[in-house]
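Beneath this line is the structure, given in structure tokens, with notes to follow.
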Number of protein chains: 2
Amino acid sequence: MATDRRKMIVEAATKSFSLFGYKATTMDQVAKLANVGKGTIYTFFKNKEELFEEIISSLVKEMIAEADAAIQPDLPFTENVHHALYRLLAFRSQHQLMIKLVQEEAEMGTLAVSEMLQHVEDKIIAYLKQKIEAAIAKGAIPEANAEITSFLLLKMYIALVSDWERNHEPLSSEQIAEVMKVFLLKGLSL
Amino acid sequence: MATDRRKMIVEAATKSFSLFGYKATTMDQVAKLANVGKGTIYTFFKNKEELFEEIISSLVKEMIAEADAAIQPDLPFTENVHHALYRLLAFRSQHQLMIKLVQEEAEMGTLAVSEMLQHVEDKIIAYLKQKIEAAIAKGAIPEANAEITSFLLLKMYIALVSDWERNHEPLSSEQIAEVMKVFLLKGLSL
DNA sequence: AAAGTGACCAAAAAACCAAAATGGTCAAAA
DNA sequence: TTTTGACCATTTTGGTTTTTTGGTCACTTT
């Protein structure tokens, strides 16, 4: 059945990308893993990159669903920003595929991978931006450029969760929460 | 005269590092540029890396002097943090050597360059940390982990000044100042 | 004697190239 | 009609030769 084969292919490719990365995953391998002739893959996907795109695309959808699930409308905005981003990144570090891709970008600089990670970042920022704009419209937070604010929020989180680990012991969730709270809630002034 | 030759070498090396980067700068070239025999370089510096270190070291000293010059003790702490970081980064983007090294790290990953940039980052963070600790001791800002706060401040600035430009028009100084003010002064709450 | 030099050397990097692997196609099979 | 894998053009890999480079040191200059 057509649907079945498609699913097999996507699953096999996901597994292989997660395990070996994008470049080290060959179409022959995916075909073998999916118990499918190589040609079959090309009846569903124009090429390797499009297969990759499909997988990342649904991953992004999962991430956004995660974030939405974290939001509780009755809590203050800053709490929700925090919960949502927190869960996004927990998801990120949990997900083999993301880990592998970030690693591959860092040490091999595979072009297709860089583009895809950029795309994921864009999606996250677009999502944040939309939430921030809504909050500004409701008067829940001060006026500010939503795009820049979203960008900065994401970068702050990545800095604390990922960049920090390059030279230090990882921060606990509590430490990250504490630092973010200072900047989100009070700022550095008294 | 010995001092003269030393200065010639440092100047020639600085010029070449700025123009071609670390790896693409050869000791022969430095010697020629400095109008000096290659052996002479090795009477002042143990090797290429030590010559590089000396240059970066005095560059860091210049940067710290810049920051100190920006601080006005009568202004509130957040203003001064802002002024100092602002000036540090203006200095950074102005300086050919930094630009070239960041570029070289990104596209060639030269080990010596990565180490040196890390070293520069460490120095900046140490400087910030010391200022923040003093401010906390004086009760000028809320209690917080000074190390993490310094790290995050630097990353925020780099995000706005440098990372943002990867995909957007550069932000004006005013825009950067505005966004930083929100996070330093008020946070995102009302 | 002290300071400076550039020919020289071992080691690292670049250039080269043949062999292997890979993405994608398509005539044949199911 | 759908699926397939042998096949092909192109890219990547691995190993070898050639060139370049950091660093030394016997010799020259001052």
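Below, chain A is the first sequence line, B the second, and so on; all start at residue 1.
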Toward the 5' end of DNA chain D, by each residue's nearest nucleotide, B:K46 or A:T43: A:T43

Indicate every side-chain donor-acceptor pair of residues 20-29 of chain A with a distance under 3.5 Å to a residue at least two apart or in another chain.
residue: A:T25; atom: OG1; partner: A:S16; partner atom: O; Å: 3.2
residue: A:T25; atom: OG1; partner: A:S16; partner atom: OG; Å: 2.9
residue: A:T25; atom: OG1; partner: A:G21; partner atom: O; Å: 2.7
residue: A:T26; atom: OG1; partner: A:Q29; partner atom: N; Å: 3.0
residue: A:Q29; atom: OE1; partner: A:S16; partner atom: OG; Å: 3.3

Length of the line joining A:I41:CD1 and C:dT22:P, which is rounded to integer Å: 14 Å

B:F44 CZ - C:dT5 C1' separation (whole Å): 13 Å

d(CZ, A:F52; P, C:dG24) in whole Å: 14 Å

Residues forming a side-chain hydrogen bond (donor to acceptor under 3.5 Å, both in side chains) with A:N47, sequence neighbours excluded: none

Euclidean distance, atom CG of residue B:L111 to atom C1' of C:dA13 [Å, nearest integer]: 16 Å

Between C1' of D:dG5 and OH of A:Y42, the distance in whole Å: 13 Å

For atom CE of A:M8 and atom C1' of D:dT3, their distance in whole Å: 14 Å

For B:Q118, side-chain contact (heavy atoms from CB on, under 4.5 Å) partners two or more places apart: A:N167, B:E121, B:D122

Residues clustered with A:L33, ILVMFWY side-chain links under 4.5 angstrom: none

What pairs of nitrogen or oxygen atoms, one from the protein and one from nucleotides 28-30 of chain C, lie under 3.5 Å apart?
none

B:R6/B:E54 salt bridge by N-O under 4.0 Å criterion: yes

Distance in angstrom units between A:D4 CG and D:dT3 P, rounded: 11 Å

From C:dG24, D:dT3, C:dG4, nucleotide with atom closest to A:R5 side chain: D:dT3

Side chain to side chain contact (heavy atoms under 4.5 Å, CB included) between B:Q175 and B:E178, intermediate numbers included: CA-CA 5 Å; B:Q175 285 176 296; B:E178 183 54 40; 5.5 Å; no

With sequence neighbours excluded, residues passing salt bridge (Lys or Arg N to Asp or Glu O under 4.0 Å) with B:E165: none

Set of side-chain hydrogen bond (donor to acceptor under 3.5 Å, both in side chains) partners for B:K129, sequence neighbours left out: B:E147

Contact residues, residues 16-40 of chain A to DNA chain D [heavy atom, < 4.0 Å]: A:K23, A:V36, A:G37, A:K38, A:G39, A:T40

A:K48 NZ to C:dA21 P, straight-line distance once rounded to whole Å: 16 Å

I'd like a table of donor-acceptor pairs (distance under 3.5 Å, sequence neighbours excluded) in which one partner is a side-chain atom from residues 107-117 of chain B, with atom names and distances.
residue: B:T110; atom: OG1; partner: B:E104; partner atom: OE2; Å: 2.8
residue: B:S114; atom: OG; partner: B:E105; partner atom: OE2; Å: 3.0
residue: B:S114; atom: OG; partner: B:T110; partner atom: O; Å: 3.3

